[in-house]
Novice: 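My questions will all concern the structure given below.
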Amino acid sequence: MKPEILSKLAIVNDEEKRIIEGEHKVNKKLYSAFAKEFIVNSHRLMQDGEQISLRRHTRFADFPSHGHNYVEMTYVCSGEVTHVIKHREVRMHKGDVLLLNRHTQHSVRKTGEEDIAINIMLSTECFHSFAAALPASCPLSSFMAENIRSNGEAEYMLFSTEGVPPLENLFENLCYSMVGNDILSVDILKTTVALILRHFAELPECIITAARHRSDSELLQARIVEYLRTDFRTATLSELADKLGLSVPYLSKRVRELCGMTFSQLLQEARFEEAIRLLDSTDLPVGDIIIAVGYENTSFFHNQFRTRYNCSPFRWRKLRREASSEKA
């Protein structure tokens with residue numbers, strides 16, 4: 001970025017002067033009208049009817065945990081900026097871009113004089129007007145879909161523009177629009193952001209991280225399912241409890257609440273799902289399959305298989321292969 005643009009962006013503004021002179025913290029009233037919950041409101045930062053706006057991130061103080069009623073894109077012009085999202089530190093360096101949907105709560109660590117970042121604020125309406133220009137299968141399209149849902153999940157995407165001249169130039173144009181004598185029109189700003197998003201959609205190598213932050217219950221359920229999917233041969237409730245740092249009785253209760261089955265029932269589901277896969281896709285003897293999915297008692301396996309599928313494993317394989325041959 002041109003030094004003259006950076007030098008103008010680095011000028012200490014009135015809010016930062018107050019912080020330096022003794023306030024030592026961000027004045028929440030400048031950003032939000034809510035007393036109980038800190039939600040940065042677009043009406044405080046954008047003019048009536050404005051769909052896109054740019055502002056420099058406030059330095060010299062921690063920016064406390066907050067949400068916002070718009071989509072925020074942060075670009076680091078120089079130095080470093082560290083966000084904290086769901087207890088996870090997201091450290092940004094020069095050229096990095098963080099895209100946050102409107103469901104995401106985050107805080108920002110105190111930054112210094114040379115840590116310069118700009119925030120691009122996009123109304124939901126404006127952000128979703130870019131959707132038609134993006135491939136439906138790209139991660140950004142999924143991000144947009146989650147943002148528009150009223151009960152959507154918190155989600156962020158972290159990109160790097162380093163070594164991608166078109167993106168570096170587009171962000172420099174945005175920065176120049178903040179400090180130059182020529183004020184860019186709303187249409188030009190929107191077109192610039194649309195081009196940035198299109199580049200991100202078509203250059204997957206720019207994506208550093210894409211994360212969706214689910215509730216604690218959803219995260220626990222996902223970890224239970226993943227454990228059973230990968231460790232079904234030797235899985236035990238006590239081992240999972242140890243991995244999660246939970247007591248066995250508490251985890252047993254949560255498994256039933258979240259999954260609708262006991263741990264043993266879930267384990268059987270995982271094992272028989274793998275047994276079916278092996279019967280259908282391999283020529284392994286049934287005895288070997290029984291051992292492969294974690295059972296030592298062959299009689300138990302055969303009895304459970306008949307109860308579930310109304311036939312023996314041998315007949316299951318025979319019928320499936322006959323059906324496949326007929327289709328061929």
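Since this is a predicted model, take the numbers as computed values, not measurements.
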Novice: How many angstroms lie between atom NZ of K28 and atom CD of E37, to the nearest 0.5 angstrom?
Specialist: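 Reported value, rounded in 0.5 Å steps: 10.5 Å.
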Novice: Taking the six-membered ring for Trp, is the centroid-to-centroid distance between Y156 and F143 below 6.0 Å?
Specialist: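 Judged by ring-centre distance (under 6.0 Å), Y156 and F143 do not meet the cut-off.
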Novice: Quick check: closest heavy atoms across C77 and L9, and the distance to 0.1 Å?
Specialist: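 Between these two residues, the closest heavy atoms are SG-CD1, 4.0 Å.
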Novice: So does E113 get a backbone contact from the side chain of R59, meaning a donor-acceptor N/O pair under 3.5 Å?
Specialist: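 Such a contact is found between R59 side chain and E113 backbone.
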Novice: In this structure, would L195 and V186 fall into the same cluster of hydrophobic residues linked by side-chain contacts under 4.5 Å?
Specialist: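 Same hydrophobic cluster.
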Novice: Which residue pairs pass the ring-ring contact (aromatic ring centres under 6.0 Å, His included) test with at least one member in residues 218-271, sequence neighbours excluded?
Specialist: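 Residue pairs with at least one partner in residues 218-271: there are none.
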Novice: Should V225 and V255 be counted in the same cluster of Ile, Leu, Val, Met, Phe, Trp and Tyr side chains packed under 4.5 Å apart?
Specialist: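 No: no chain of side-chain contacts under 4.5 Å links V225 to V255.
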Novice: Quick one about N147 and H128 (side-chain donor to acceptor, distance below 3.5 Å, no hydrogens or angles considered), yes or no?
Specialist: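 Result is yes, a qualifying pair exists.
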Novice: Applying salt bridge (Lys or Arg N to Asp or Glu O under 4.0 Å) to R229 and E273, what does each step give before you reach the verdict?
Specialist: CA-CA 10 Å; R229 187 183 69 81; E273 183 177 316; over 6 Å; no
Novice: Checking the side chain of R233 only, and the main-chain atoms of A292 only, is there a donor and an acceptor separated by less than 3.5 Å?
Specialist: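 Judged by distance alone, yes, a pair lies under 3.5 Å.
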Novice: Cluster partners of I20, using ILVMFWY side-chain heavy atoms under 4.5 angstrom, listed by chain and number?
Specialist: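 Members besides I20, by chain and number: V12, I19, F60.
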Novice: List the atom of T192, the atom of L170, and the distance in Å for their closest heavy-atom pair.
Specialist: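 Closest approach of T192 to L170, heavy atoms only: CG2-O, 3.7 Å.
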Novice: Which is it for E269 and R308 under the salt bridge (Lys or Arg N to Asp or Glu O under 4.0 Å) test, yes or no, and what are the steps along the way?
Specialist: CA-CA 10 Å; E269 290 293 325; R308 286 169 176 269; 3.2 Å; yes
Novice: Between E16 and N13 (side chain of the first, backbone of the second, donor and acceptor by atom type, cut-off under 3.5 Å), is there such a pair?
Specialist: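 Yes, the answer is positive, given that a donor and an acceptor are paired below the 3.5 Å cut-off.
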Novice: Under 3.5 Å, is there a donor-acceptor pair linking the side chains of R320 and S324?
Specialist: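 No, no side-chain donor-acceptor contact under 3.5 Å.
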Novice: May I ask you to decide whether E4 forms a salt bridge with K8, counting only side-chain N to carboxylate O separations under 4.0 Å?
Specialist: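 Salt bridge flag = no for K8 with E4.
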Novice: Are K94 and E162 ion-paired here, with the side-chain N under 4.0 Å from a carboxylate O?
Specialist: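 Answer for the salt bridge query: no.
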Novice: Given side chain to side chain donor-acceptor pair (under 3.5 Å), test T58 with E15 step by step and report yes or no.
Specialist: CA-CA 8 Å; T58 301; E15 182 185 9; 3.0 Å; yes
Novice: Compute the centroid of each ring, for Y31 and then for F63, and state whether the two points are separated by less than 6.0 Å.
Specialist: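 Yes.
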Novice: If you count every heavy atom of other residues, nucleotides or ligands that lies below 6.0 Å from H43 atom NE2, does the total exceed 12?
Specialist: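 Not more than 12 within 6.0 Å, no.
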Novice: Any side-chain heavy-atom pair from L244 and L240 closer than 4.5 angstrom?
Specialist: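 Side chain of L244 against side chain of L240, heavy atoms only: contact under 4.5 Å found.
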Novice: Let's go through N27 and L30 carefully: what are the C-alpha distance in whole Å and the side-chain angles of both, what is the deciding distance for side chain to side chain contact (heavy atoms under 4.5 Å, CB included) to 0.1 Å, and is it a yes or a no?
Specialist: CA-CA 6 Å; N27 182 356; L30 296 175; 3.9 Å; yes
Novice: Could you pull out the closest heavy-atom pair between H24 and A61, with the gap in Å?
Specialist: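 It is O-CB, 3.9 Å.
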Novice: Measure from the side-chain N and O atoms of R317 to the backbone N and O of S312, and report whether any donor-acceptor pair falls under 3.5 Å.
Specialist: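 Here the side-chain-to-backbone pair does not exist.
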Novice: So do L258 and L220 actually touch side chain to side chain, heavy atoms under 4.5 Å?
Specialist: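 Side chain of L220 against side chain of L258, heavy atoms only: contact under 4.5 Å found.
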Novice: Please report the interatomic distance CG(N310) to CH2(W316), rounded to the nearest 0.5 Å.
Specialist: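 N310 atom CG to W316 atom CH2 measures 10.0 Å (nearest 0.5 Å).
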Novice: Tell me whether the NZ or CZ atom of R271 lies within the 45° cone about the ring axis of Y295 and under 6.0 Å from its centre.
Specialist: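 Yes, R271 lies over the aromatic ring of Y295.
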Novice: Atom OG of S123 and atom CD of Q51: how far apart are they, to the nearest 0.5 Å?
Specialist: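 Those atoms lie 4.0 Å apart.
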Novice: Quick one: does any side-chain atom of D288 pair with a main-chain N or O of L284 as donor and acceptor, under 3.5 Å?
Specialist: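 It does not hold such a pair.
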Novice: Is there a path of hydrophobic side-chain contacts, each under 4.5 Å between heavy atoms of I, L, V, M, F, W or Y residues, that connects V84 with V90?
Specialist: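 Different hydrophobic clusters.
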Novice: In terms of the angle between their ring planes, are F127 and F130 parallel, tilted or perpendicular, with boundaries placed at 30° and 60°?
Specialist: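 Rings of F127 and F130: perpendicular, as their planes differ by over 60°.
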Novice: Provide the closest heavy-atom pair for H302 versus I290 in the form atom of the first, atom of the second, distance.
Specialist: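 The pair with the smallest heavy-atom distance is NE2-CD1, 3.9 Å.
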Novice: Identify the two heavy atoms, one from P135 and one from S141, that lie closest to each other, and give their separation to 0.1 Å.
Specialist: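 Residues P135 and S141, closest heavy atoms: O-OG, 2.7 Å.
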Novice: For the side chain of H68 and the backbone of I39, is there at least one donor-acceptor N/O pair under 3.5 Å apart?
Specialist: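 No; zero donor-acceptor contacts below 3.5 Å.
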Novice: Is it true that atom CD of E226 has more than 12 heavy atoms of other residues, nucleotides or ligands lying nearer than 6.0 Å?
Specialist: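 Enclosed.
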Novice: For H66 and P64, indicate whether the former's side chain and the latter's backbone hold a donor-acceptor pair under 3.5 Å.
Specialist: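 Such a contact is found between H66 side chain and P64 backbone.
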Novice: Taking atom CZ as the centre, does R321 end up with more than 12 heavy-atom neighbours from other residues, nucleotides or ligands that are less than 6.0 angstrom away?
Specialist: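 Counting other residues, nucleotides and ligands, CZ of R321 exceeds 12 neighbours.
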Novice: Is C259 close to Q221 at the side-chain level, that is, under 4.5 Å between some pair of heavy atoms?
Specialist: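 Heavy-atom side-chain distance check passes, below 4.5 Å.
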Novice: P166 versus H199: any side-chain heavy-atom pair under 4.5 Å?
Specialist: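 SC-SC contact between P166 and H199 confirmed.
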Novice: Report the residue from L140, V97, L100, T209 that forms a side-chain contact (heavy atoms from CB on, under 4.5 Å) with M157.
Specialist: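 Passing option: L140.
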Novice: Flag yes if V293 and I291 sit in one hydrophobic cluster, no otherwise; membership is Ile, Leu, Val, Met, Phe, Trp, Tyr, and two members link when side-chain heavy atoms are under 4.5 Å apart.
Specialist: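 As far as the 4.5 Å side-chain criterion goes, I291 and V293 are not connected within one cluster.
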Novice: Do K243 and E239 pass the salt bridge (Lys or Arg N to Asp or Glu O under 4.0 Å) test, and can you show the C-alpha distance, the side-chain angles, and the key distance before you say yes or no?
Specialist: CA-CA 6 Å; K243 285 178 178 287; E239 180 184 62; 5.1 Å; no
Novice: Go through the steps to decide whether E172 and K2 satisfy the test salt bridge (Lys or Arg N to Asp or Glu O under 4.0 Å), and finish with yes or no.
Specialist: CA-CA 8 Å; E172 184 168 298; K2 292 183 174 64; 3.0 Å; yes
Novice: Are any of the side-chain heavy atoms of C206 and F200 separated by less than 4.5 Å?
Specialist: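 Contact flag for C206/F200 side chains = yes.
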Novice: Atom OG of S65 and atom CD of Q105: how far apart are they, to the nearest 0.5 Å?
Specialist: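 Spacing of OG (S65) from CD (Q105) equals 4.5 Å.
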Novice: Compare all side-chain heavy atoms of I196 with those of L174 and state whether any distance is below 4.5 angstrom.
Specialist: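 Yes. Closest side-chain heavy atoms under 4.5 Å.
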Novice: Quick check for you: to the nearest 0.5 Å, what is the distance between L267 atom CG and F272 atom CZ?
Specialist: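 Those atoms lie 10.5 Å apart.
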Novice: Scan side-chain atoms only and decide if S32 and N41 contain a donor-acceptor pair under the 3.5 Å cut-off.
Specialist: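 Not at all, the side chains of S32 and N41 share no donor-acceptor pair under 3.5 Å.
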Novice: Taking 4.0 angstrom as the limit, do E274 and R277 come out as a salt bridge?
Specialist: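 Looking at E274 and R277, the cut-off is met.
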Novice: For F300, is there any backbone N or O sitting under 3.5 Å from a side-chain donor or acceptor partner on N303?
Specialist: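 Absent.
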Novice: Would you check if V108 and D62 make a side-chain contact, meaning some heavy-atom pair closer than 4.5 Å?
Specialist: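 Answer no - side chains too far apart.
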Novice: Please step through side chain to side chain donor-acceptor pair (under 3.5 Å) for the pair R256 and S252, ending with a clear verdict.
Specialist: CA-CA 7 Å; R256 288 194 300 272; S252 178; 3.1 Å; yes
Novice: Counting N and O atoms only, with roles assigned by atom type, does the side chain of E72 sit under 3.5 Å from a partner on the main chain of L99, one being a donor and the other an acceptor?
Specialist: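 No, E72 side chain to L99 backbone: no donor-acceptor pair under 3.5 Å.
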Novice: Would you name the heavy atoms of R56 and I116 that are closest together and state the gap between them?
Specialist: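 Shortest heavy-atom separation between R56 and I116 comes out as CD-CG2, 3.9 Å.
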Novice: Does some side-chain heavy atom of F159 sit less than 4.5 Å from a side-chain heavy atom of I208?
Specialist: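 No; the side chains remain at least 4.5 Å from each other.
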Novice: Any side-chain to backbone donor/acceptor pair from N101 onto A154? Under 3.5 Å, distance only.
Specialist: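 Side chain of N101 to backbone of A154: no pair is present.
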Novice: Distance check, rounded to the nearest 0.5 Å: I289 atom CD1 versus L279 atom CG?
Specialist: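 Answer for the CD1-CG pair, I289 versus L279, is 4.0 Å.
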Novice: Using 4.0 Å as the upper bound for N to carboxylate O, is an ion pair formed by E21 and R18?
Specialist: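 Salt bridge: no.
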